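All remarks here apply to the structure that follows.
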Number of protein chains: 2
Amino acid sequence: MSAGGGRVRIYDVAHLAGVSVATASKALNDTGRMTDETRAKVKAAATQLGFRPNAMARGLIQRRSFTIGLLTNDTYGRFTLPVMAGISEALVDQGVSVFLCGVDDDPALGKLHLDAMLDKQVDGIIASGKRVDRKLPVDLSNLPVPVVYAFTEGHEGSVTLVSDDAQGSTEAVEHLKRLGRKRIVHVTGPESFASVRERAAAYRAAVGGEGIVLHGEWSEHWGHAAVDLLWTAEGARPDAIFCGNDQIGRGVVDALRERGVGVPEDVAVVGFDNWDIVASQTRPPMTSVDMNLKAIGREAGRLVLELAEGRAVEPGIRKLPCSLVVRQSCGGSAAVTHRRGGVEATVE
Amino acid sequence: MSAGGGRVRIYDVAHLAGVSVATASKALNDTGRMTDETRAKVKAAATQLGFRPNAMARGLIQRRSFTIGLLTNDTYGRFTLPVMAGISEALVDQGVSVFLCGVDDDPALGKLHLDAMLDKQVDGIIASGKRVDRKLPVDLSNLPVPVVYAFTEGHEGSVTLVSDDAQGSTEAVEHLKRLGRKRIVHVTGPESFASVRERAAAYRAAVGGEGIVLHGEWSEHWGHAAVDLLWTAEGARPDAIFCGNDQIGRGVVDALRERGVGVPEDVAVVGFDNWDIVASQTRPPMTSVDMNLKAIGREAGRLVLELAEGRAVEPGIRKLPCSLVVRQSCGGSAAVTHRRGGVEATVE
DNA sequence: TCCTCCCGAGAAACCGTTTTCTCAATGCAG
DNA sequence: CTGCATTGAGAAAACGGTTTCTCGGGAGGA
């Protein structure tokens, strides 16, 4: 109520209500035994004074800070921010706030942040990154608080959340097949990435054969180059390109347009990541696989809280489903007429 | 040292060192009076046990949480993340951690996060946003803790940090002039943005006349459209385009290429924001004005700490300089030959 | 030698809650 | 009418540190 929200103590509430501090505390927390009348009186006093308990004092005795830490090496925030949004969404109602710590790939910085968080008695830690198959530069095993990994590699016996790359990949290919596309190629990132391998494998399974998988870097430039490669090669040309991320997708769409190849009339394109700034700015806007990072964040928040409150959580890797966001780069649901017979060369 | 970093209390340190808790505390904090020998003995014991003080207990008495909150409505993180990185960088050495709270434009959510932070006794709050001339959906005046605004509009008498749009704009235009460009036009965002007006005014001053300013939306599409407009209009064509942000810049570069206009040979292009993912991916990579958001963050962190520690800070708006990041869209430093005489039409 | 002053170190109060323990009053059964 | 269980509420101990206060002892001056 009054301006200085931080000043009024439970002592003031107790005094106004005419009870002891102990009773006031119990009244406000709905614990202990007392008349309904007393409880109501205290609550009224608290409201009137705008009382908000000091979380440090409370936390000291409850051994609970209502605070969790998010440690990440994804300084650009491409992956971490949606995850963070999900975590926050899951926890803010429980009064839990989140420390965000960007540690780059610097072990010393990681330790610094980690120690600062532990000193502050965080109830748990969520580790996140920019790559599923890499670890953070700081060891989080044997911490005195629970840890959940989201979108980064965890330690032995940890709880880890990732997106289901295979399922997302399958969904994309099935979508293209449903639209009548026959010769679908996959242009993706470096094979050293686990997610690349997983997506490619699912792609192969979905096209029901070897398919064509082209590996390159995660850039628009590679998207261009891949199209050049495909269009200067001999044999049948693809009528659909499934890209390993949206930047490659953008390069592909641009290259196709520059070649006079119609998207989606001649070639359908699907991207991966659903990075809005990229996917929605291509011409035409690009259909893309969304990894539902926010959902991963929500789940991570929920799980770390479970652990913090002492409930057991089954360890292991949990894969959360991706979903396809349809834009205009694949054409309408009307089946597309196809032309030549399929020749499935293998480039890899 | 031992695994459970959180368990060892100052009591244990004191006991091991053979002194009282009070002495131990003073020894570790380099306060109070005692023999160097005693101090060293305590410190050794602390190190040996891996003692780290419980921040809640310490904070309770010191009325200091070594925690600050960052409130933002920039859910996409384009502006907030660099600011956050700067804040963190400035504060982590002092042991200060940062709560990140994304509040969208929802006043209720804002209040929820704000209350949670105040309960946790944050030492200060930094407000940030996606637009300099808009306020957050939550009132931060009359808070019991200091507030600093970074890249968002503050309240009366507050401390506010923004980038110096005019200076950045001037720098861009001077760069183009230095390279021999004569007919520089400005393609930018909606006039309703204060930063747009400021940048445009500086542009006009720098070109030394009315210049040409085209307003549109903040999109690649508008970049394309603007080029169409300029190239179908009568009269002399520009030999340089200064864009209001990188997305417009990207649209401009793409449109020019599609028209067969050489960048930078025929037309030089400069963007604004230096959003790496956009600026470095254009062909050719685009020179752009960087707002040095990280520096703004660092300064915000420094200032909020000053205030938190009771030192006075002059209120008002502080503008931090932008800097030009040169890539390849303006050509080398060699002067470019110019062709026609200048006709400076005004479109606006 | 005695008094004063200062130094090193410990005892205790304190920060703002929660929680356990204690206790008087009430109600009910015998 | 007495004894016992139950109830409502307060006193006090915790939580883990910091800070103020106190105090004994040694050094130095008279």
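Quick caveat: nothing in here was measured; it's all calculated off a predicted structure. We name chains A, B, ... by the order of the sequence lines, and we start the count at 1 in each one.
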Considering every strand and a 4.0 Å limit on heavy-atom distances, what is the contact class for [X]: base, sugar-phosphate, or nothing?
X       : value
A:Thr23 : base
A:Val19 : sugar-phosphate
A:Thr38 : sugar-phosphate

Sub-6.0 Å ring centroid separation between B:Phe99 and B:His113: no
Please give, in whole Å, the distance from [N] [atom2] to [X] [atom1]?
X        : N      : atom1 : atom2 : answer
B:Lys26  : D:dG16 : NZ    : P     : 21 Å
B:Ile10  : D:dC15 : CD1   : C1'   : 14 Å
A:Lys120 : D:dG16 : NZ    : C1'   : 17 Å
B:Asp12  : D:dG17 : CG    : C1'   : 13 Å
B:Arg9   : D:dA14 : CZ    : P     : 12 Å
B:Arg7   : D:dG16 : CZ    : P     : 8 Å

Salt bridge or not for [X] and [Y], using N-O below 4.0 Å?
X        : Y        : result
B:Lys43  : B:Asp30  : yes
B:Arg64  : B:Glu309 : yes
B:Lys41  : B:Asp36  : no
B:Lys294 : B:Glu89  : yes

Exercise: do B:Asn29 and B:Thr31 side chains pair donor with acceptor under 3.5 Å: no
Side chains of B:Asp74 and B:Thr72: donor-acceptor distance under 3.5 Å anywhere? no
May I ask you to decide if B:Leu293's main-chain N or O and B:Ser163's side chain share a donor-acceptor pair within less than 3.5 Å? no
Any donor and acceptor pair, going by atom type alone, linking the side chain of A:Asp290 with main-chain N or O of A:Asn292 inside 3.5 Å? yes
Look at the side chain of A:Ser20 and decide which nucleotide, out of D:dT19, D:dG16, D:dA11, has an atom nearest to it. D:dA11
Whichever of B:Met34 and A:Val21 has its nearest DNA chain C nucleotide further upstream toward 5': B:Met34
For chain A and DNA chain C, what are the first and last nucleotides along the strand, 5' to 3', with at least one atom under 4.0 angstrom from a heavy atom of the protein chain? C:dG16 to C:dT20
For DNA chain D, determine which residues of residues 56-64 of chain A have any heavy atom closer than 4.0 angstrom to one of its atoms, and list them numerically. A:Leu60, A:Ile61, A:Arg63
Do the side-chain N or O atoms of B:Asn54 get closer than 4.0 angstrom to the phosphate oxygens (OP1, OP2) of D:dC15? no
